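The chains referred to below are lettered A, B, ... by the order of the sequence lines, with proteins before strands, and numbering in each begins at 1. From a predicted model like this one, the values you see are computed outputs, not experimental measurements.
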Number of protein chains: 2
Amino acid sequence: MSEASGVSEMTVSRVLRNKGDVSEATRERVREAAKALGYVPNKIAGALASSRVNLVAVVIPSFKNLVFPEVLSGISEALEDSELQPVVGLTDYLPEKEEKVLFEMLSWRPSGVIVAGLEHSEASRAMLARADCPVVEIMDTDGEPIDNCVGISHRRAGRIMGESIVEAGYRRVGFIGTKMPLDYRARKRFEGFTRALAKAGLEIADSEFYSGGSALAKGRELTQAMLSRTPDLDFIYYSNDMIGAGGLIHLLDQGIDVPGQVGLAGFNGVDLIDGLPQRLATMDACRRQIGERAARLVLARQEDPSAEAVKEELTPTLSTGETLLRT
Amino acid sequence: MSEASGVSEMTVSRVLRNKGDVSEATRERVREAAKALGYVPNKIAGALASSRVNLVAVVIPSFKNLVFPEVLSGISEALEDSELQPVVGLTDYLPEKEEKVLFEMLSWRPSGVIVAGLEHSEASRAMLARADCPVVEIMDTDGEPIDNCVGISHRRAGRIMGESIVEAGYRRVGFIGTKMPLDYRARKRFEGFTRALAKAGLEIADSEFYSGGSALAKGRELTQAMLSRTPDLDFIYYSNDMIGAGGLIHLLDQGIDVPGQVGLAGFNGVDLIDGLPQRLATMDACRRQIGERAARLVLARQEDPSAEAVKEELTPTLSTGETLLRT
DNA sequence: CTGAAAGCGCTAACAG
DNA sequence: CTGTTAGCGCTTTCAG
């Protein structure tokens, strides 16, 4: 590359990074040579020399849950006109895998780490605390962050939903959700939810926890099973919109009046549910916004390394849709 | 690190990589020191020194299309017990962005590149051709691959669906799909489809192309619009299962007999549709399998750098579900 | 505006 | 089994 353009390696480097003053003439010569050779600079060497890596590690459980693609797209958008680029690692909700992925990613010395959740293994927390880059824990604010934190309080989200259901006059409430050990945030919502009911002197009348399979199909199946087991239910709360949609489809299929006879609510506000015969009551998890804010926090710390850690709790909005009676 | 354990840097390196013989005693000492210090080796330096990077670049259009998360999970699974790790880059179906992402990723000298589609800009093709690592173009086999290729023939997939519809006796066929310029594969399916109809002396009776919005809602909307515009349609082919599901919901809502009065078919076989009141006719795109095979091709080339380029066309299976009359 | 020297943190290759 | 010596391909820093 240096020979092909007849200038020093250093000058080539300057041209390709638009750094430092270089005459327009040599500039042109270098660019031509680069194009002719199909030259792709070696970022590994560059990163080693400059100790700057324009990568942001994003560590999330899975892509199956529609939530995360949206968070990611928020992140991508916010980083769009910066130098930084997101790199994703998947944990499958497994702490050991999270540990492995974090180790792997940190060994590339990224400019920032965005990681889902506040619950990590001891080792993971240690790595994150030691990493000399900004760390942002996202999705959840119910706990002690290592550095920055952006999310919603899932406990509060569950509580608000519980309160709305009670206020709307429902009394025999069932719950259908994913198996909890896998998903702390779903569990926190469940806790907030039961607590809200308890305050009104109610208990969960029936509940069901599933794992695996098509969420929509599971929703139908489990709803059917639950209603035949506990026929006097007047409301079902689902841990996400997909199973909720399945439940809705089942009830409509059976000619059951929603929300008069049985009310329904999900969680997330995925735009999928826009197309259903009735709009499911749900609560927005602020996914996109969380991604954006998290990315901005990384950028902020880059500009000012002394910037303080921020904990930002967003407010999820409840939409009653057409499956939860209004009060 | 070297000081803390009292051995040479080299020995540390050997222990941490399980390379070369080291006595169990020093091994232990090094590991302890590493843990105590929270030492995370610098892969940048390692990669530069060894010119080995255990990363596989995966370049796909988007995560919104459910297809890609599944492909990715196939890739992850196949790489699970190798050294390699997938790193994803997004193009948003934009050639310029693909170019940028490829450049960026290639500059990290990955061990392999897996990229969606066979259509790339001149510059992208040149980069890929020059990259000194295995390249696998996935999803599509209708075209000339640069190196390896795994996918299905979308033209053929469209043709088979067209033939099945004709054989089932449908004559007034509509099409609803995404705007084509964005998606070559959808276009190829459309081409194959119209060709199959043409062979039977038929033409598309009506068609509609959308972009953006909730696929399910769009499906309902556009299906309604199309049927009121062209009431004698007896079949609608959708470019994906999500809009197809929206159409199905609309028709059932209207009390229209499916598949007697109007037949429906989608494309992809996403397991979402398992939960619908009727199983939508669809065609499996072999997403997971494509991911797996692609990853294996990268691994194969790693083991034997002289391995020849492979072009692998998988066979999508048609499932008539319950929305396409059987013959 | 351009170049030369030094070194980023590791590993290959060779010696003991 | 362990240590030493050279770089990997860039960028930083300092001289022109």
Whole angstroms only, please: what is the [atom1]-[atom2] distance between [X] and [N]?
X        : N      : atom1 : atom2 : result
A:Lys43  : D:dT11 : NZ    : C1'   : 14 Å
B:Ile44  : C:dT11 : CD1   : C1'   : 15 Å
A:Arg14  : C:dT2  : CZ    : P     : 8 Å
B:Arg109 : D:dG9  : CZ    : P     : 9 Å
A:Asn54  : D:dC10 : CG    : P     : 15 Å
A:Glu9   : C:dG7  : CD    : C1'   : 14 Å
A:Lys19  : D:dT13 : NZ    : P     : 10 Å
B:Arg29  : D:dC1  : CZ    : P     : 14 Å

inquiry  = Using only atom types and a distance under 3.5 Å, with no angle test, would you say the side chain of A:Lys43 pairs donor to acceptor with the backbone of B:Glu104?
reply    =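 Judged by distance alone, no pair lies under 3.5 Å.
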Under 3.5 Å, is there a donor-acceptor pair between the side chain of B:Arg288 and the main chain of B:Val71? no
Minimum-distance nucleotide (side-chain atoms of [X] versus [options]):
X       : options              : result
B:Leu48 : D:dC8, D:dT2, C:dG3  : D:dC8
B:Ser23 : D:dT2, C:dC10, C:dG7 : D:dT2
A:Arg17 : D:dT2, D:dT12, C:dT2 : D:dT12
B:Val22 : D:dG9, C:dC1, D:dT2  : D:dT2

Does D:dC10 have OP1 or OP2 under 4.0 Å away from a side-chain N or O of A:Tyr39?
yes
- Under-4.0 Å side-chain N/O to phosphate OP1/OP2 contact, B:Arg52 with C:dA12: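 Answer is yes, contact under 4.0 Å.
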Both B:Ala45 and B:Thr11 contact DNA chain D. Which one's nearest nucleotide lies toward the 5' end?
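Going by which nucleotide is closer to the 5' end, it is B:Thr11.
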Students often get this wrong, so: under 4.0 angstrom with heavy atoms, is B:Ser51 touching a base, only sugar-phosphate, or nothing? nothing
Q) Using a cut-off of 4.0 Å on non-hydrogen atoms, how would the nucleic acid contact of B:Asn42 be classed: base, sugar-phosphate, or nothing? A) sugar-phosphate
In short, B:Ser121 meets B:Glu99 closest at the heavy-atom pair OG-OE1, 2.7 Å
**Request:** Take the angle between the ring planes of A:Phe68 and A:Tyr93 and call it parallel below 30°, perpendicular above 60°, tilted in between.
**Result:**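 Perpendicular, since the angle between the ring planes exceeds 60°.
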Charged N-O contact under 4.0 Å between A:Asp147 and A:Arg301: yes
The answer to which of A:Ser50 and A:Met10 contacts DNA chain C further toward the 5' end, by nearest nucleotide, is A:Met10
